[in-house]
Structures are given as structure tokens and as C-alpha cells.
Amino acid sequence: MMFQQRQHVFWYTPPTAQIVPSGQGCNVEEDRYTERVHTIREGDTLELQCLFTGHPRPQIRWTKAGASDRLNESYQHNETLRIENISRHQGGRYYCKAENRHGVPAIRSIRVEVYYLDDPVITVHQSVGESKEQFYFERTVFLRCVANSNPPVHYTWRRGREVLSQGTDSGVEIYEPFFTQGETKILKLKNLRPQDYADYTCMSSVRNICGIEDKSAHFSLSNRTAPPSIKLLLEDPLVVNPGETITLVCVASGGDPPPTLKWVRPGGEEIPKRSVIKRGTLTIPAVTMDDGGTYTCVASNNVGNPAKKSTSILVRGLRKGRFWITPDPYHNDDNIQIGREVKISCQVEATPPEELQFSWLKNGRPLRSSERMVITHTDTDVSPGTTNLDIIDLKFTDFGTYTCVASLRNGGISEISIDVNISSTTVPPELTVPRGRSHLISQEGDTVDLQCLVSGKPKPIILWSRVEEGGAAVSTVALMPDGSAQMESYDGVLRISNVTRDMSGTYCCQTSQYNGFNVKPRKALIQLVVQFPPVVEPVYTEIRQALSRAFVLTCHLLRAHPARLLRYEWKLGSRLLTVGQLSEQQGDTEYQVRALNREGYGEYTCDITNEAGAGRCTFLVTGKANAPEFYYDTYGALWQNRPTVYGFKLQWTQMDPNAVDRILAYRLSFRQMGQSRWWEQEIPIDGNIRMGELLTYNLTELIKPESYLVRLTPITRFGEGDATERIITYSPPVNPHLREFHCGFEDEVLCLFSQDKTDVFDWTHHSASTRDTKYTPNTGPSSDHTGSKQGFYMYIETSRPRLEGDKARLLSPTFNMNSKTTSSSSSSSVTNNPTYCFSFYYHMYGKHIGALNVFLRQKGQMVTDTSVWSLTGNQGNRWIQAKVDIHPTAAFQIVMEGVRGSGIEGDIAIDDVSIEEGECKDPPPNNLRSLAPPPSAHIWQLCVTLSLALIGRQR
């Protein structure tokens, strides 16, 4: 049988959230500098579960404070954040945000501390003023032990098997430098003695926190111990030709223990990847000019400072040949004229620079320096090298082609030749923009050519940049389309493909001083305007509307170029509704529907158009009802009264029910998971559904232990609305026919007792035989209630960081009642709720004892916690039994609450919990309170009062 129920209660509640570690971890400190801290070992799997409440069901998002690396997308929006093989840099503060459109989003955080311990490293140093090649008598030696760790590491030094400590040996001093406390431990051997030559061990430990084992490092100190020294078996610098194979050999010439050798390049630059390194030998095959530079061999053996020696590799070659012509500087114009001076300069980068040599040719014949043809060169140690040909008193016979030839003195490398023509047609450059091309207009996606015409001979390279005009000055403010600050062009054309609106602006073309005249650069500006279609919003939106209602659709113009003469056009489907033109002050256009009819449903579009195209707003007007929102916080949702089937109370609210026509019914569809057949049933709805109204439908005859997929679809006179789905999972109750329950807390699962996730701290599972020797005296039990040191019990630890009033709650499994049905004289059946006897042993010894409270938590339509027993203060160093009758009327749990008192001597323990059907026999009289069942006439009033109170708190 299935039935529907409606509750006229506002059930929308803002979200709440709490973070609970659920995976591997060491412990959670609930109060450390007012924050929660979860510790985990490096390499383990971190699992943080975000427990939340609220209706509609909140959306969850995980973030990490200051994280440059994004969280895994698959976990970012899950209730559980999972990070496998966690590393130390992934520690930090994690946030869970729960949001459901009602109230303020709930944000909770937890700090994750990743614990680790690296292998320690021992380094040996000698007093600076006493440093010698050998470590010998009457010298002071320092052994430094360093290990990266979290938490701070604890160091122990051993000499052979002897543990060294401060004060046990006058020749030994152990200390931590003030500026590195906790990071290193130094063993100082004063005036080295024969017995100090020994094997030393540094033990690093984090005291087995998170199960991290201790680690150690060893060093053998002898009279041979010495810092490293090396030598290079090669020429310095090493000059080679491209394509050759070079070998750099580095050998250790001293040091004990034998040092390790490695090759590095300055600035962290990588060794060529094709290189082969074997011990101290570095081989680079087929060397190129890019492989040239400094290479350093580093030798280290943790004694003294590492030894370093460097060498330079010079790969012979010539590159970047260029020239320029300098007119007579004593004349105002830049022209080359007979009778004036002209200088031709040629520049080349050479390796090695001292091998660079230049020669000049005129019309292919060698040219030597003379009184009128003066050839000069820069010093060989200046790079790049430059040669100048100064022609004094230019004559007609001097016209011709001059060739600058650069080569390396020892050959083996191709020459670089640069031709420069000097004639009556050799003129300085002039730069112009073609008529009509200084202001270009294009549209997004086009290909645009910016052109500057350059005249003169020789023609220089044209440099392009983006600029802004600021009076007479021109300054670069933006990058070029390829991301560079400047682009080169040999033909004066800058081609921009697929131009975008971001490329609008002023572009500058200017002549380069290279491969042309060495004169003031010629410049020209081109303005590029990129037109783009109007940008509008909303691009797409869905509007739910009921018949006969009026509404307005608005399309907003955000930006456009050009932003004048904008036209708009409204359509419904393909039917034209209205057209018009936007004024310069008008930023949007509206279309009003005065009374919606069936033909008015559909897709409305608004196109705003300029010369570059159109921007479109789209509105889908529909009468579809919004999706229902399942209520996940139903208490006692699952029940069973027959062995093979179970029932489920399905509850939901309707999202924005007044947006469309009245909901006439819901189509309920469900199928068993793993099967394809759907079952459907219609749930009729009478009257209007109010915002936040909770609807209930009981599903029965569900087969144990199968799960079901349930789909709920609202129906209006428009038709079907949006559907929503959820999965119903069967979970068998603990002890479904409760008659007797006992728990002595002897196993790890604690008889399915669990810690309350909403309290301040947790109960501790403990045995007196394993109790820490540093436990707080004068409080807590010395055995379980039977007197066994090996027996287990539960207790609250009230030492720091606990504060007065902190609470720890332990929850029993959920029990279903064993209801009895009897027949009355009127032939009607009456259900009698049974009475149970709840008993347990408690130990409350210490001068700071707080309180022990017991609550009966019933799971009906609402959760209710009712106090059934309470005791405060010191009860002596003994176990005492308590018994109390309870009278549940629904599925229930027992809540054991321990409250911390005013100090650390306040440990409270419990043991051997029992629940038995029937009243307690001879209950102890010690401060017990029994809660009698309320009269049946007032049960409904009590439930309503508690429900409304809970709703008030949630608001």
C-alpha cells in the first residue's frame, strides 16, 4: 500500500556543514589555537568528509587556502575529498562550502598537517682558524646532523654503541645553534682525542608519531678524514669546432670518505640532454654553439665545503652578421654626396672573439687601408667584433660594391660575407604609409595587412610595435599579436590573421639602424580599428510562466563597435514581433507580453545588429514545472514490519511551485537497481502547493535488501515538468527485534557504538594494561569494572587541550522497538510500546569530575533527545552500576555524554552497557531519574512543539 501525506510546514532550511576525517590519519585535535587539525603521514590517503544538512540538498565545493594547484575535479564537488599518496606540499587549510540558495552558505575548515621524516645527513666541519688538510690532534671538529621533518625532529648521537649526551664527556658538547633550533643538532668534539676517532651515528626521530619510524645516518671519523679536492684533466678554455665530441674529465685528488662528483652549469642551466655522464667524466657528442659556456665540477663528501672547479667550452663559430652606412656627420642632411665622407660598418659575433679577422673587397678585389680608405677594427676582446671602412672625400670612382668578409683565424668555419653598394642611388630611407591605409577598419576574424612603404637604398628592416600617442612622445604599451614586444618585416607589411577586438590600437613602423643607414629612425603610425558585433546578455535563459500572466523580456547591450545605428529585432520562433533602433543613450530593449496564451510559449530571440554582425539574446518561455527537491533529512524514513519487504517514507518540496500553473499530480517512477523495468504510479495533488510545503509518499512492498532508483515528475496542464531522481538504499537495523543487548567494549568495532560528529571531542577506547605511564594521576580507573587490567572500557580524557564544558558523546546503534499488539473489547487492535531497562557501569573519580548524562534519542518524524539519567561530581575510586527504565515510542538510540569539569583530574569512564526488555529490577537509588512516558493524549502536542522548536533553530 502507498499513501500520500502533506504537511503545511516551511521546510526550506539553510545549510550546515562539518568536516570529518574519514580516511587514513593519525589524529584530529579539536582545539588547537581555536582550529581543527588533522594529521596524516606523507604517502597515506587523505579523506575528508563534509557532513551537511539543509533543504534543498546543498551543493558542496572543496577549496584549499592559497592553493596554486587546483584540486582534483572529480573530488572538488563531492561530499568526500580524497587525495591519494599525499605529499608534504599538499598540507594546509581545506575548506568545505555548502550552499543551497537559502540563508548564508555554510563554510567549515580543517588544517591538514602532513607528517614526514627524511633521512638525516651528517656533515663534518673544522674550526675555521684551524682548518688543515687532515683532522688531527688538538683540533676542534663539528659533526652536524640535519633532517627535514614535520613535526620537529629529535636527535640522538652515538659513538659506537655509546649514547652521547651533554655533560657525560668533558670532551663532547651537544647543542642546537640558536638560529636553527629544531632543525639541526651539532656534536662538538673539543681538542680531538684518540678515542674520538670512531663511528658516529645520528638517530632522528619524531617519536613514532603517525607510525613514522626512526632514521639514522652514520659517519666514520679517522685521522684520514679530509675535505674533497679535485682537478680537471683538460685545457681551459676548451676550443672546439661544431659537430665534434668533447670530453670533460674531473678526478678527485683528495678527500676521505671518497667524494662524489657531478657536473653543473651556472644559473641552473641544464646539461645538454644528449650528454653522457660517468662518474666524473662528461661527454657531449656533436657539440653546437648553444652548448658553449661554463661547466663546473662539484665534489662533496660531507666534510668541509664542496670543492668546485670550472672550465669554459668555446664552440668556434660566426653569427649575426650585419652592416650600416653612416653619412658625413658634419652635414645636416643624411645624403651621400661626392666630396663628403661616408663610413661603412660591419659587425659579427665570433667565438672565440680573439680569432675574428676581417677583410674588405671592392668589386671583388682586395682592399687595403690607405689615406682615403681607412680600415679600422675593434679590439679582439670586444664582442661583437666591428670593422669600419671610412671613405674620405668620396669620388665618383669610389662607387661600387664593398664586401666585408669575416672569418676565424684558424679556419674550419665558413666565412660570412656582407655586400654593401655605394652609388649615386644609395640614399637614406624614407618611410610612408600608402594613401588611405593610415586608418584601417576591419571586423573580428578578418586578415589585416598593415603596410609601410620604405624607399631608399639599401632598404632597411622594418620594426613593428604597438604604441599609444602621448603628445610628441611615442611609448610601447602592449604586446604584438604574437606576444612579443616587437616584430620584424623585410617588405614593410605586418599581416595579422584572425584579428580580434583586443588588437585594436595604434601600430608604429620604424626603420632599423642595421642593414641600412645609421641615421635617426624613420617612423610612421597606423590606426587599426576592429569592429565586433554587439555583446549582449542574457545569451540564454529559461523563464517559467503560467498562462494568462504578464511578463517582460529584456535584452541588455554590454558593448559593441561601432556602437551607433544599432537595430533590434524580436522574434518568437520564426515569427517577427517587433523591430526598432536603439538610441545612443539606450542600453537595452524590452518586449512585453500582457497575457500569456498557449501560442506564447516557445523561444523568443532578440537580435541587436551593427555593421559587424549581431548579438542574440534567447529566452525560452515554458510552462514546465520546476523539479521537485527531495528531502534527505527524514528521520526514520525506512521501516520494516515483515521479514522480506521494507517501506520508505519519500519526502520532497516543490521548487518555486507558483512560477507556473498549479501542479495537478506527480508521476512516480521507480525501478530496482540493476534492472530495466520501470513501475509508474500517479500521485494526485489537491489544491495549491505552498512554497516549502513538505509532501510525503510512503513506498511499501520494497524487496529486501534491494536498492531502488526513484524518479518524480510534476505534471501541470502544460504537461510534464522537470524530473528529479534519488536512490533508496536498504540498510538493515541493528537488532531489529530488540529484546536484549550487551556491550563490554572489548572489540574494536565497539558493538557498533559511534562517536557523535557534532560534539567537541571523542570518547577513548582503552585498557588499563596499555595506559600511558604519563597519565594524569588521581583520576580514572585502574581496571575495567570486573577488575581486569586487560579488559577494555570507554573514557573521556580531560587533559589539555580540553576546556571546561567540552562535551563528548557516544551513540549506541539504532534499535527498532519490539511492539506488541493486543485486542481490546471493541475488537480494535492496540499497540503497546514496551519498557526497556538500560544499565551500565560508571567510574567518576577525581576532584575535577564534570558530569555524565544519558539521553534517549528517538527517531520519529523529528529527532528528540530526552534526558533519562544524570550525575555530577566525584563518586570515588570505584565502579558503580546505574539502571534506568526507558519508554521509547519509535526507533531509538542511547546517547552517553561526558562533560569536562574544571581541571585535568576529571576522567569519566563507562563499561558493560546493557539494554533488556522489561522494567529494571532493584535499580540503584544513586541520583537516578526515570522518564515516564507522557500521556497518550499529549504525545502529538509534544511532537509538534519539538518540531516547531527545531524549525526555529534551523531558521
Side-chain angles (χ1 to χ4, degrees), residues 6 56 101 533-558 560 565-583 586-610 613-629 652-669 678 680-693 695 711-725:
R6 293 175 66 175
R101 310 189 315 271
V535 179
V536 297
E537 69 173 10
V539 175
Y540 179 87
T541 189
E542 189 176 77
I543 297 176
R544 313 266 174 157
Q545 283 292 338
L547 290 170
S548 303
R549 291 186 186 172
F551 60 93
V552 176
L553 305 177
T554 303
C555 184
H556 299 278
L557 172 66
L558 301 180
L565 302 178
L566 297 173
R567 294 182 56 82
Y568 63 83
E569 182 179 86
W570 284 91
K571 288 183 178 181
L572 172 56
S574 59
R575 179 162 59 96
L576 182 63
L577 300 176
T578 183
V579 296
Q581 183 170 315
L582 293 179
S583 65
Q586 194 174 357
D588 52 45
T589 174
E590 294 181 347
Y591 183 77
Q592 183 174 6
V593 177
R594 300 187 182 279
L596 182 64
N597 55 31
R598 285 193 173 275
E599 290 72 25
Y601 286 121
E603 186 175 88
Y604 291 75
T605 58
C606 173
D607 290 332
I608 299 180
T609 309
N610 66 0
R616 170 170 289 188
C617 294
T618 301
F619 307 86
L620 179 62
V621 178
T622 177
K624 291 174 58 176
N626 289 291
E629 298 169 317
W652 70 94
T653 58
Q654 178 60 42
M655 181 193 301
D656 200 3
N658 299 321
V660 296
D661 291 316
R662 183 177 74 84
I663 294 175
L664 305 175
Y666 285 94
R667 176 173 292 111
L668 176 67
S669 309
W678 286 87
E680 291 189 349
Q681 184 166 347
E682 192 168 282
I683 306 173
I685 299 295
D686 297 328
N688 293 322
I689 299 175
R690 298 193 308 176
M691 177 75 76
E693 180 179 346
L695 293 91
R711 179 186 298 156
L712 201 59
T713 308
I715 301 174
T716 64
R717 58 176 174 167
F718 178 85
E720 292 188 359
D722 293 337
T724 188
E725 294 180 347

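Keep in mind that this is a model prediction, so the values were computed, not measured. Start at 1 with the first residue, then count along the sequence.
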**Prompt:** Passes side chain to side chain contact (heavy atoms under 4.5 Å, CB included), Y604 versus I543? Steps please.
**Reply:** CA-CA 10 Å; Y604 291 75; I543 297 176; over 6 Å; no
**Message:** Would you say that P657 contacts M691 through its side chain, given a criterion of any heavy-atom pair below 4.5 Å between the two side chains?
**Reply:** yes
**Request:** Provide the closest heavy-atom pair for N626 versus M655 in the form atom of the first, atom of the second, distance.
**Result:** CB-O, 3.3 Å
**Item:** Check: L565 main-chain N/O paired with Q581 side-chain donor or acceptor under 3.5 Å
**Value:** no
**Check: I685 main-chain N/O paired with R662 side-chain donor or acceptor under 3.5 Å** = yes
**Message:** Just verifying a value: how many Å separate L553 CG and T618 OG1, rounded to the nearest 0.5 Å?
**Reply:** 11.0 Å
**Message:** Nearest 0.5 angstrom please: I663 CD1 to I689 CD1, how far?
**Reply:** 4.0 Å
**Asked** What's the shortest heavy-atom distance between T724 and A627, and which atoms?
**Response** CB-CB, 4.3 Å
**Message:** Using the rule side-chain contact (heavy atoms from CB on, under 4.5 Å), only one of T713, I715, L695 pairs with Y666; which is it?
**Reply:** L695
**Message:** I need the minimum non-hydrogen distance between T609 and A614, along with the two atoms involved.
**Reply:** OG1-CB, 3.6 Å
**Message:** With side chain to side chain contact (heavy atoms under 4.5 Å, CB included) as the criterion, how do T589 and T578 come out once you've worked through the C-alpha distance, each side chain's angles and the decisive distance to 0.1 Å?
**Reply:** CA-CA 11 Å; T589 174; T578 183; over 6 Å; no
**Item:** salt bridge (charged side-chain N to carboxylate O under 4.0 Å, His left out) partners of residues 540-550, not counting sequence neighbours, each pair once
**Value:** E542-R544, R544-D722
**Request:** Evaluate side chain to side chain contact (heavy atoms under 4.5 Å, CB included) for L712 paired with L668, printing each intermediate quantity in order.
**Result:** CA-CA 5 Å; L712 201 59; L668 176 67; 3.9 Å; yes
**Prompt:** Can you tell me how far the CG atom of D588 sits from the CG atom of L558, to the nearest 0.5 Å?
**Reply:** 10.5 Å
**Request:** Indicate the atoms forming the closest heavy-atom contact of R717 with L664, along with that distance.
**Result:** N-CD1, 3.9 Å
**Y601 and F718: CA distance, side-chain angles, deciding distance, side chain to side chain contact (heavy atoms under 4.5 Å, CB included) verdict** = CA-CA 10 Å; Y601 286 121; F718 178 85; 3.6 Å; yes
**Item:** Minimum heavy-atom distance T622-V660, with the two atoms named
**Value:** O-CG1, 4.4 Å
**Request:** Answer yes when E569 and K571 have at least one side-chain N-carboxylate O distance shorter than 4.0 Å, and no when they do not.
**Result:** yes
**Prompt:** Is there a donor-acceptor pair closer than 3.5 Å between any side-chain N or O of E537 and the backbone N or O of V539?
**Reply:** no
**Asked** Taking the six-membered ring for Trp, are W570 and F619 parallel (under 30°), tilted (30 to 60°) or perpendicular (over 60°)?
**Response** parallel
**Asked** In chain order, what residues pass the disulfide (SG to SG under 2.5 Å) check against C555, with sequence neighbours excluded?
**Response** C617
**Asked** Does the pair R101/E629 count as a salt bridge with the N-to-O cut at 4.0 Å?
**Response** yes
**Prompt:** Rounded to the nearest 0.5 Å, how far apart are OH of Y568 and CG of L582?
**Reply:** 7.0 Å
**Asked** Which pair of non-hydrogen atoms, one from P534 and one from G613, has the smallest distance, and what is that distance?
**Response** CD-O, 3.5 Å
**Request:** Give a yes or no on whether R594 atom CZ has more than 12 heavy-atom contacts from other residues, nucleotides or ligands under 6.0 Å away.
**Result:** no
**Request:** State which residues pass salt bridge (Lys or Arg N to Asp or Glu O under 4.0 Å) with E590; sequence neighbours excluded, sorted by chain then number.
**Result:** none
